[in-house]
Amino acid sequence: MSFNGSKDLVEEGDVVILYIAPSNMHSLEVTPKTLNKKGILVENVFQTVYGALKVASLVGAKYGAKVDLSRGWAYVLQPTSDLWTLTLPHRTQIIYTPDISNIVYLMELEPGDTVIETGTGSGSLSHALINAIKPHGHLYTFDFHEQRVSVADIEFKKHGLERYVTVEQRDVCQTGFGDALEGKANAIFLDLPHPWLTIEHATRCFQKSGGRLCSFSPCIEQVQRTCEKLMSAGFIEIKTIECLQRELTVQYKTVPVLKLECLKSKHTDDNRNENNGKEVGGLERLVTVSHAHSLPGHTGYITIATLPPIGRRSC
């Protein structure tokens with residue numbers, strides 16, 4: 001399918017990204033027919049701000065090509081984990097690309113790793129984790145909500161990623177991750193209201209060589225309790241970071257500039273009065289950088305810790 005490797009042409013059943021503008025993108029499944037509200041099979045027509053698109057017309061189109069809408073045009077793109085994060089249907093609050101990139105980097109993921117994720121949610125981070133560890137790695141992702149697990153499982157299959165991921169409904173704070181995962185994981189990610197309750201369960205799931213544990217929490221009180229538990233469980237190199245994005249605007253501005261040419265030669269007081277101060281002041285058009293009027297606020301704290309190899313653990 002379209003998430004698993006690149007290809008040239010759109011096929012029926014693919015999930016594609018319809019790109020209209022940077023702030024106007026949509027994900028849609030290429031199916032010629034769809035069920036309406038009455039349960040009747042009708043032609044699949046996707047509505048946008050620039051008119052309608054007959055979805056069947058995408059079959060056979062080249063990825064990256066311009067496609068016609070009834071009152072404009074758009075581009076059809078092959079989906080990536082980043083584009084999916086921007087267009088996915090929200091079932092929960094999601095983690096966005098600035099935090100995702102830090103998480104993948106801090107967990108030191110590479111192809112072939114076995115990763116455990118708690119808090120599948122809308123699957124935003126899950127797609128990025130799969131992208132980092134395939135083609136030989138595997139993601140085990142858990143969520144306590146039955147419907148979210150069911151929908152996420154269907155999405156992974158539609159995207160052709162089912163060989164890389166196992167989705168399971170489980171309250172990991174109470175029951176852990178299961179005996180089958182003990183000693184298997186290279187990295188573990190926690191996105192839970194009470195991540196400290198899973199630390200002991202997570203420790204048993206790491207390989208004998210150890211690994212990296214990452215926790216994402218919106219409140220500093222959650223971070224404090226998690227770090228205390230990590231230290232008592234024998235984790236080292238514990239640190240917490242906050243990713244704040246700052247947008248800068250580059251533009252031309254007319255600014256006053258002090259001219260000091262008058263200092264190169266002697267002038268009398270009478271000469272200065274005659275020039276009316278033109279020698280010591282003026283305006284000039286310069287390229288400047290300024291902050292945007294509104295800046296994005298806090299998203300969450302990323303806590304990263306290392307579990308040493310089993311022979312070097314303090315407890």
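Residues take their numbers from the sequence shown, with the count starting at 1. Only heavy atoms go into these numbers, but all of them, side chains included; no hydrogens, no water, no symmetry mates.
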Mind checking whether [X] and [Y] have side chains closer than 4.5 Å, heavy atoms only?
| X | Y | result |
| --- | --- | --- |
| Asn36 | Lys38 | yes |
| Asp143 | Gln169 | no |
| Thr240 | Ile302 | no |
| Leu28 | Leu58 | yes |
| Ile100 | Thr85 | yes |
| Cys214 | Leu190 | no |
| Asp8 | Tyr63 | no |
| Gln78 | Ser6 | yes |

Just how far is it from atom [atom1] of [X] to atom [atom2] of [Y], taken to the nearest 0.5 Å?
| X | Y | atom1 | atom2 | result |
| --- | --- | --- | --- | --- |
| Glu162 | Ile130 | CD | CD1 | 10.0 Å |
| Leu18 | Ser27 | CG | OG | 10.0 Å |
| Leu139 | Ile133 | CG | CD1 | 5.5 Å |
| Phe216 | Gln222 | CZ | CD | 10.0 Å |
| Thr203 | Ile188 | OG1 | CD1 | 7.5 Å |
| Cys205 | Glu200 | SG | CD | 12.5 Å |

Checklist entry - Around His90, counting heavy atoms of other residues, nucleotides and ligands shown, do more than 12 lie under 6.0 Å from its NE2? => result yes
Item to check | Heavy-atom neighbours of Gln147 CD exceed 12 at 6.0 Å | outcome: no
[X], [Y]: one ILVMFWY side-chain cluster at the under-4.5 Å cut-off?
| X | Y | result |
| --- | --- | --- |
| Leu35 | Val42 | no |
| Val67 | Val49 | yes |
| Tyr19 | Tyr96 | no |
| Leu88 | Val104 | yes |
| Ile17 | Tyr50 | no |

Checklist entry - Regarding Lys229 and the six-membered ring of Trp196, is the cationic atom NZ or CZ under 6.0 Å from the ring centre and inside 45° of its axis? => result no
So, the side chain of [X] versus the backbone of [Y]: is there a donor-acceptor pair under 3.5 Å, distance only?
| X | Y | value |
| --- | --- | --- |
| Thr48 | Gly51 | yes |
| Thr175 | Asp171 | yes |
| His194 | Leu197 | no |
| Thr288 | Gln251 | yes |
| Thr87 | Met25 | no |

If I compare all heavy atoms of [X] with all of [Y], which pair ends up nearest, and what's the gap?
| X | Y | result |
| --- | --- | --- |
| Thr306 | Glu237 | OG1-OE1, 3.0 Å |
| Ile94 | Ser124 | CB-CB, 3.9 Å |
| Val30 | Glu11 | CB-O, 4.0 Å |
| Glu155 | Pro89 | OE2-CG, 3.8 Å |
| Ala233 | Leu307 | O-CD1, 4.4 Å |
| Pro218 | Tyr301 | O-CE1, 3.7 Å |

Item to check | Audit row: Leu86, Asp82, side-chain contact (heavy atoms from CB on, under 4.5 Å) steps and yes/no | outcome: CA-CA 7 Å; Leu86 297 174; Asp82 294 336; over 6 Å; no
Checklist entry - Charged N to carboxylate O under 4.0 angstrom, Lys7 versus Asp14? => result yes
Item to check | Electrostatic pair Glu29-Lys158, nearest N-O below 4.0 angstrom | outcome: yes
Item to check | Derivation of the side-chain contact (heavy atoms from CB on, under 4.5 Å) call for Val16 and Val10 | outcome: CA-CA 8 Å; Val16 302; Val10 179; 4.0 Å; yes
Checklist entry - Would you say the ring centroid of Phe156 lies under 6.0 angstrom from that of His127? => result yes
Checklist entry - Between Phe46 and His26, does the ring centre distance come in under 6.0 Å? => result yes
Next on the checklist: Can you classify the ring geometry of Trp84 versus Phe3 as parallel (below 30°), tilted (30 to 60°) or perpendicular (above 60°)?
Outcome noted: perpendicular
Checklist entry - Going through the checks in order, is the side-chain contact (heavy atoms from CB on, under 4.5 Å) test met by Leu192 and Val172? => result CA-CA 10 Å; Leu192 301 167; Val172 296; 4.0 Å; yes
For residues 106-123, dump all side-chain donor-acceptor pairs below 3.5 Å to protein atoms at least two apart in sequence or in another chain.
| residue | atom | partner | partner atom | Å |
| --- | --- | --- | --- | --- |
| Asp113 | OD2 | Glu110 | N | 3.0 |
| Glu117 | OE1 | Ser126 | OG | 2.7 |
| Glu117 | OE1 | Thr141 | OG1 | 2.9 |
| Glu117 | OE2 | Ser126 | OG | 3.3 |
| Thr118 | OG1 | Phe189 | O | 3.3 |
| Thr120 | OG1 | Thr141 | OG1 | 2.5 |
| Thr120 | OG1 | Phe142 | O | 3.3 |
| Ser122 | OG | Arg91 | N | 2.8 |
| Ser122 | OG | Thr92 | N | 3.0 |
| Ser122 | OG | Thr92 | O | 3.4 |
| Ser122 | OG | Thr92 | OG1 | 3.3 |

Checklist entry - What's the verdict on side-chain contact (heavy atoms from CB on, under 4.5 Å) for His159 and Asn4, showing C-alpha distance, side-chain angles and the deciding distance? => result CA-CA 7 Å; His159 298 170; Asn4 187 18; over 6 Å; no
